[in-house]
2 protein chains.
Amino acid sequence: MAPTRHDLESCARGDAALTRAFTLLGKRWNGLLLGSLGSGPAGFRELSRAIGGVSDSVLSDRLAELCKAGLITRRVDEGPPVTVSYELTEGGRALIPALHQISRWAEEHLPAT
Amino acid sequence: MAPTRHDLESCARGDAALTRAFTLLGKRWNGLLLGSLGSGPAGFRELSRAIGGVSDSVLSDRLAELCKAGLITRRVDEGPPVTVSYELTEGGRALIPALHQISRWAEEHLPAT
DNA sequence: GTACTTACTTCTAAAATCAAAGCAGCATCT
DNA sequence: AGATGCTGCTTTGATTTTAGAAGTAAGTAC
């Protein structure tokens, strides 16, 4: 069946911007990753430890994804030793207040452990 | 260099509340689902259409999950015809402002389409 | 009766994720 | 000079999650 205009455009439900946001945030780890980078730049291993439970392969994917979305940057510090650090861009930093709000919400409304 | 206690226990990185929040929000569809319910109660099919792309089986799972987390309630209206509607609880409603903030952020910082 | 709706559940196949191992470059300990 | 351990990844299966289609039960519309 062909979708009708009404199906496609629909109502208040289905906020396009929120949909875009959750294309990123709705993927496992991305929110925590950004939250973690909110307290300053960090390296790959540092993020891995901070978040805990994410596999290296997925972490690598996620960081690349967030780079491509323009929310973080990858900076290589030619050493030696060579070190890599990830940092929020302006766009990424702009999300931090919302993450803090979510954190506060979780403290109030989600059972601890 | 040996890691210090401070390194291991850390700082702002690894916010427990944010981690709890993203156990829910970091799953595909949950954020959009809550956002959609933010504009009022809705039935299963209505949510399915509003969100678009979610399969029935996953939608069913997600709704059950959000019920168990206490963010939404499932109300059956014995008809006939029987209708089911999902609605935000107080805890769920408390998240809506954060979702609006995220939506506004996406409008500013995420490329449209 | 035929067609279509809602609210699901069940099935299977495809996609995402995990866990472990490997690799290259550098530092540190003995 | 090794041996060991760190970082920042990539590659390799195995496991988990999700999608997509179909099926069920009950009701409405014609």
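Letters A, B, ... mirror the listed sequences (proteins, then strands); counts begin at 1. Atoms considered below: every heavy atom in the structure, side chains included; atoms not considered: hydrogens, waters and symmetry mates.
Per the geometry, CG belonging to A/L59 stands 12 Å off P belonging to C/dT17, to the nearest Å. Between B/R49 atom CZ and C/dT6 atom C1' there is a gap of 9 Å when expressed in whole angstrom units. Rounded to an integer number of Å, the gap from CG of A/L63 to P of D/dC9 is 8 Å. Distance B/D77 CG to C/dT6 P: 16 Å, rounded to the nearest Å. For the pair A/I51 CD1 and D/dG8 P, the computed distance is 14 Å after rounding to whole Å. Straight-line distance from the CZ atom of A/R45 to the C1' atom of C/dA27: 17 Å, rounded to whole Å.
Residues in residues 98-107 of chain B take part in these side chain to side chain donor-acceptor pair (under 3.5 Å) pairs, two or more places apart or across chains: A/D15-B/S103. For residues 50-59 of chain A, every residue pair satisfying the side chain to side chain donor-acceptor pair (under 3.5 Å) rule, not counting sequence neighbours, is listed here: A/R45-A/D56, A/S55-A/S57.
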Identify every side-chain donor-acceptor pair in residues 59-67 of chain A under 3.5 Å, counting partners at least two apart or on other chains, and give the distances.
residue	atom	partner	partner atom	Å
A/R62	NE	A/R28	O	3.0
A/E65	OE2	A/K27	NZ	2.8

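The side chain to side chain contact (heavy atoms under 4.5 Å, CB included) search around A/E78 returns A/V76, A/V82, not counting sequence neighbours. Every residue meeting the side chain to side chain contact (heavy atoms under 4.5 Å, CB included) condition with B/T83, not counting sequence neighbours, appears here in chain and number order: B/D77.
A sub-4.0 Å separation between OP1 or OP2 of D/dT7 and a side-chain N or O of A/Y86 is absent. One finds no side-chain N or O of A/R75 lying less than 4.0 angstrom from the OP1 or OP2 phosphate oxygen of D/dG8.
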I'd like a list of close polar pairs between nucleotides 16-21 of chain D and the protein, N/O only, cut-off under 3.5 Å.
residue	atom	partner	partner atom	Å
D/dT18	OP1	B/R62	NH2	2.6
D/dT18	OP2	B/R62	NH2	2.8
D/dA19	OP1	B/R28	NH1	3.3
D/dA19	OP1	B/W29	NE1	3.2
D/dA19	OP2	B/W29	NE1	3.2
D/dG20	O6	B/S57	OG	3.1

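The residue B/V84 sits close only to the backbone: its heavy atoms come under 4.0 Å of sugar-phosphate atoms, none of a base.
Proximity of a side-chain donor or acceptor of B/N30 to a complementary backbone N or O of B/L25 within less than 3.5 Å is not detected.
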